[in-house]
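Note that the structure is a prediction, hence the values are computed from the model and not measured. For reference, positions follow the sequence shown, starting with 1.
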Amino acid sequence: RFSVRWTGRLLPRFSETYAFRAATSGSFELRLRPAGATGWSSVIQQPAATTNALGSLALTAGVAYDLEVAFAHGTGPWTVRLWWSSPSTPE
């Protein structure tokens, strides 16, 4: 059993709605906020293992977003993958 949290930044090139997709073997949570803001403005949660958790968020071009992924897993093999796309950005 374990949990992990990854952080980073996402800088969209286009002001569009971005689709987020995750394949996981445990619980998964994606959080986004404009860089430097307090509190998370957008959250996508998947409470259990899934091969295709989906969510979408409207992002603004040129605005950096703090990104945080939280993942927890019980026993056995594990995986977590995250993809994003928009009408102008292939997955």
Side-chain angles (χ1 to χ4, degrees):
R1 296 176 185 228
F2 72 95
S3 64
V4 65
R5 188 173 309 264
W6 291 283
T7 61
R9 285 245 168 106
L10 178 62
L11 182 62
R13 294 181 57 204
F14 306 98
S15 293
E16 298 178 321
T17 298
Y18 287 75
F20 292 85
R21 183 168 69 93
T24 73
S25 59
S27 65
F28 170 88
E29 185 172 273
L30 167 66
R31 299 177 185 146
L32 285 169
R33 66 178 170 205
T38 57
W40 296 99
S41 57
S42 301
V43 176
I44 297 172
Q45 294 180 312
Q46 185 64 35
T50 181
T51 55
N52 205 20
L54 292 175
S56 60
L57 303 169
L59 303 179
T60 304
V63 173
Y65 290 84
D66 290 332
L67 177 141
E68 183 176 282
V69 172
F71 173 71
H73 183 70
T75 60
W78 65 275
T79 188
V80 60
R81 293 183 179 158
L82 174 65
W83 299 269
W84 59 85
S85 63
S86 75
S88 301
T89 306
E91 187 173 83

*In terms of hydrophobic clustering (I, L, V, M, F, W, Y; side-chain heavy atoms under 4.5 Å; direct or indirect links), are Y18 and L11 co-clustered?*
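In one cluster with Y18: L11, no.
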Distance from [X] atom [atom1] to [Y] atom [atom2], nearest 0.5 Å?
X   : Y   : atom1 : atom2 : value
S88 : F14 : OG    : CZ    : 4.5 Å
S27 : F71 : OG    : CZ    : 7.0 Å
E68 : L30 : CD    : CG    : 9.5 Å
W84 : L32 : CH2   : CG    : 9.0 Å

*Please answer whether the main-chain N or O of S25 pairs with a side-chain N or O of T79 as donor and acceptor at a distance below 3.5 Å.*
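No, because the side chain of T79 does not come within donor-acceptor range (under 3.5 Å) of the backbone of S25.
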*Donor-acceptor under 3.5 Å (S15 side chain, A61 main chain)*: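 Answer holds: yes.
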*asked:* Is the ring pair W78/F2 parallel, tilted or perpendicular, if the boundaries are 30 and 60 degrees?
replied: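 Ring orientation, 0 to 90° scale: perpendicular.
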_For a 4.5 angstrom cut-off between non-hydrogen side-chain atoms, does Y65 reach P34?_
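SC-SC contact between Y65 and P34 confirmed.
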*How about L67 and W6: do any of their side-chain heavy atoms sit closer than 4.5 Å?*
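Of all side-chain heavy-atom pairs linking W6 with L67, none is under 4.5 Å.
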*Please report the C-alpha distance between L59 and L10 in whole Å, then the side-chain angles of each, then the deciding distance to 0.1 Å, and finally whether the side-chain contact (heavy atoms from CB on, under 4.5 Å) criterion is met.*
CA-CA 10 Å; L59 303 179; L10 178 62; 3.9 Å; yes
*For D66 and W40, work out which heavy atoms get closest and say how close.*
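Heavy atoms only, the tightest pair is O-CZ3, 3.6 Å.
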*Looking only at heavy atoms, what is the nearest atom pair of P90 and S85, with distance?*
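So the two residues come closest at C-CB, 4.0 Å.
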